[in-house]
Amino acid sequence: MKTLKMRIFPAVLAVTLIFFCFGTAAFAAEPQTKALPTSSAVLVNGRTVTFDAYNIAGNNFFKLRDLAHTLNGTAKQFEVGYNETTKAIALTSGKPYTPAGGEMAGKGAGEKAAAPTQSGVTLDGTAV
C-alpha cells in the first residue's frame with residue numbers, strides 16, 4: 001500500500017503539469033471545451049480526501065493549490081507560487097505550502113468553459 005501512496009502524488013502532479021504544459025494543443029480544435037465539476041476521492045497517508053475537480057475531455061484535473069494544501073506537512077509537500085518576471089507557475093518541492101485562500105473550496109454546480117493557461121510551469125526552478 002505504501003508503494004501505491006508514493007506513486008499517487010507524482011502521477012497526479014504529472015497529469016496536472018501535462019495539462020498546463022500541453023493543454024493548449026488539446027484545446028486547439030475546440031476552443032470552448034466543457035469543464036464538468038466532479039468529485040474525486042484520493043487516499044492520502046491512509047485517509048480519504050475528496051477533491052472537487054473538473055472533468056475535461058474525459059480527464060480529471062485537480063487544482064494545484066488543493067493538492068499542495070492536502071500534502072502540506074507530508075514528505076511530498078510542495079509550494080505553489082507565481083513568477084511575475086517569467087510569467088510561470090513556480091512549484092518548489094519539499095517546501096511547506098503557503099495558503100492563498102480558497103483551497104478545497106467547492107466550485108459550485110454546472111459546467112464551465114475550459115481555457116488553457118498561457119503560463120509556463122517550473123519545478124524547482126527548471127521549466128517543465
Side-chain angles (χ1 to χ4, degrees):
M1 189 65 167
K2 186 173 183 176
T3 304
L4 177 62
K5 290 179 199 175
M6 292 172 60
R7 289 189 219 171
I8 289 175
F9 172 69
V12 170
L13 183 58
V15 169
T16 304
L17 291 175
I18 288 168
F19 169 70
F20 281 111
C21 295
F22 302 106
T24 304
F27 291 108
E30 189 179 337
Q32 288 294 326
T33 300
K34 295 176 185 175
L36 305 171
T38 185
S39 181
S40 297
V42 177
L43 189 63
V44 179
N45 285 343
R47 67 182 175 99
T48 301
V49 179
T50 303
F51 288 89
D52 278 343
Y54 281 106
N55 185 287
I56 303 170
N59 298 294
N60 283 338
F61 292 92
F62 299 84
K63 294 186 291 183
L64 282 171
R65 291 191 178 277
D66 286 356
L67 294 171
H69 172 78
T70 301
L71 294 170
N72 204 28
T74 72
K76 299 297 182 180
Q77 70 183 1
F78 65 99
E79 176 68 293
V80 178
Y82 186 75
N83 184 320
E84 283 290 337
T85 305
T86 62
K87 305 292 186 213
I89 298 163
L91 305 176
T92 307
S93 59
K95 188 174 177 184
Y97 174 66
T98 304
E103 292 85 1
M104 302 302 287
K107 296 172 297 310
E111 69 184 43
K112 313 275 189 237
T117 182
Q118 298 303 313
S119 297
V121 178
T122 62
L123 177 60
D124 299 328
T126 303
V128 292

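All residue numbers in this chain count up from 1 along the given sequence.
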Heavy-atom nearest pair, Thr48 first then Ala41, reads CG2-CB, 3.8 Å
Pair Thr122, Asn83 - check side chain to side chain contact (heavy atoms under 4.5 Å, CB included), show working. CA-CA 9 Å; Thr122 62; Asn83 184 320; over 6 Å; no
Item to complete: Begin from the C-alpha positions of His69 and Val49 and carry the test side chain to side chain contact (heavy atoms under 4.5 Å, CB included) through to its verdict.
Response: CA-CA 11 Å; His69 172 78; Val49 179; over 6 Å; no
Lys87 and Tyr82 have their tightest heavy-atom pair at CA-OH, 3.2 Å
Correct closest heavy-atom pair for Ser39 and Thr50 would be OG-CG2, 2.9 Å
Which donor-acceptor pairs under 3.5 Å do the side chains of residues 90-99 make with protein atoms, sequence neighbours left out?
{"from": "Ser93", "atom 1": "OG", "to": "Asp124", "atom 2": "OD1", "distance (Å)": "3.1"}
{"from": "Ser93", "atom 1": "OG", "to": "Asp124", "atom 2": "OD2", "distance (Å)": "2.6"}
{"from": "Tyr97", "atom 1": "OH", "to": "Arg65", "atom 2": "NH1", "distance (Å)": "3.1"}
{"from": "Tyr97", "atom 1": "OH", "to": "Glu103", "atom 2": "OE2", "distance (Å)": "2.5"}
{"from": "Thr98", "atom 1": "OG1", "to": "Glu79", "atom 2": "OE2", "distance (Å)": "2.7"}

Heavy-atom nearest pair, Thr38 first then Asn55, reads CG2-N, 3.9 Å
Compare all side-chain heavy atoms of Phe78 with those of Leu67 and state whether any distance is below 4.5 angstrom. yes
Practice problem: Please examine the side chains of Phe51 and Asn60, heavy atoms only from C-beta on, and report whether any two atoms are closer than 4.5 Å. | Solution: no
**OP:** Flag the pair Lys76 / Val44 as yes when at least one side-chain heavy-atom distance between them is below 4.5 Å, and no otherwise.
**Re:** no
Heavy-atom nearest pair, Ala35 first then Ala114, reads CB-CB, 4.0 Å
Problem - Heavy-atom donor-acceptor pair, Asn72 side chain to Gln77 backbone, under 3.5 Å - result: no
side-chain hydrogen bond (donor to acceptor under 3.5 Å, both in side chains) filter on Asp52, not counting sequence neighbours, yields none
Smallest heavy-atom separation, Leu36 atom then Glu111 atom, equals CD2-CB, 3.3 Å
